[in-house]
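Structure first, then comments.
Along the sequence shown, residues carry numbers from 1. Just so you know, these numbers use all the heavy atoms, side chains as well, and skip hydrogens, waters and symmetry mates.
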Amino acid sequence: QVQLVESGGGLVQAGGSLRLSCEVSGRTFSTYAMGWFRQAPGKEREFVAAIRWGGISTYYADSVKGRFTISRDNAKNTVALQMNSLKPEDTAVYYCAAQLARVPPATASHYDYWGQGTQVTVSS
């Protein structure tokens, strides 16, 4: 079992920044790929970013490239999402997820464990 707990969400004005953090407990953290997804009201959950085991390979949705940065700290068992230049369309509940298998990281169904989510609201 893996437990994931997100933190760092909140309300920010457009153009501002937020840093989300996901604390991972349970199974050995370093064996997983980690991802961030988001879901806005009335919309499907969508991929935001992912990072592979060694933290070398990262993946981003086109909508966040150049603005968001995913990182991981295996020693602290955390994965972070730094979000800059936020836009109102970034408003959503953001979820941290852990992937067990070596499969493409941008598909929600490829993830085995999920956090409870943290709300991010960007005002215009």
Count I, L, V, M, F, W, Y as connected when their side-chain heavy atoms are under 4.5 Å apart, and connections chain through other members. Are Met83 and Tyr95 then in the same cluster? no

Ala98 to Val2 - nearest heavy-atom pair and separation: CB-CG1, 4.4 Å

Would you say the side chain of Tyr59 lies within less than 4.5 Å of the side chain of Pro104, judging by non-hydrogen atoms? no

Mind listing the closest non-hydrogen atom pair of Ala49 and Leu81 along with its distance? CB-CD1, 4.1 Å

Compare every heavy atom of Asn74 with every heavy atom of Asn77, then report the nearest pair and how far apart it is. OD1-O, 2.9 Å

When rounded to the nearest 0.5 angstrom, what is the spacing between OG in Ser109 and CD in Gln99? 9.5 Å

Can a salt bridge be assigned to the pair Lys87 and Asp90 using a cut-off of 4.0 Å between side-chain N and carboxylate O? no

Is it true that a side-chain atom of Arg67 and a backbone atom of Ser85 form a donor plus acceptor pair closer than 3.5 Å? yes

The reported gap from CH2 in Trp36 to CD1 in Ile51 (rounded to nearest 0.5 angstrom) is 12.0 Å

Supply the atom-to-atom distance Phe47 CZ to Arg38 CZ, rounded to the nearest 0.5 angstrom. 11.0 Å

Can you confirm whether Glu23 is buried at CD, in the sense that more than 12 heavy atoms of other residues, nucleotides or ligands lie under 6.0 Å from that atom? no

Aromatic contact, Phe37 with Tyr111 (centres under 6.0 Å): yes

Flag, side chain of Arg52 to backbone of Arg102, donor-acceptor distance under 3.5 Å: no

Shortest non-hydrogen contact between Cys96 and Val79, atoms and distance: SG-CG1, 3.8 Å

List the steps and the verdict of side chain to side chain contact (heavy atoms under 4.5 Å, CB included) for Leu100 and Tyr113. CA-CA 9 Å; Leu100 300 182; Tyr113 299 99; 4.1 Å; yes

For the residue pair Pro105 and His110, establish whether any side-chain heavy-atom pair is separated by less than 4.5 Å. no

Check for me, please, whether Phe68 and Val12 land in the same ILVMFWY cluster - side-chain distances under 4.5 Å, paths through other members count. yes

Donor-acceptor under 3.5 Å (Gln39 side chain, Ala92 main chain): no

Interatomic distance, CE@Met34 vs OG@Ser71, rounded to 0.5 Å, equals 11.5 Å

Sub-3.5 Å donor-acceptor pair from the side chain of Gln13 to the main-chain atoms of Ser123, do we have one? no

List the atom of Leu20, the atom of Tyr94, and the distance in Å for their closest heavy-atom pair. CD1-CB, 3.6 Å

Can you measure from CZ (Arg19) to CG (Asn84) and round to the nearest 0.5 angstrom? 10.0 Å

Leu86: which of Thr91, Thr121, Val64, Val122 passes side chain to side chain contact (heavy atoms under 4.5 Å, CB included): Val122

If I take atom CD from residue Gln82 and atom CG from residue Leu18, how far apart are they, to the nearest 0.5 angstrom? 8.5 Å

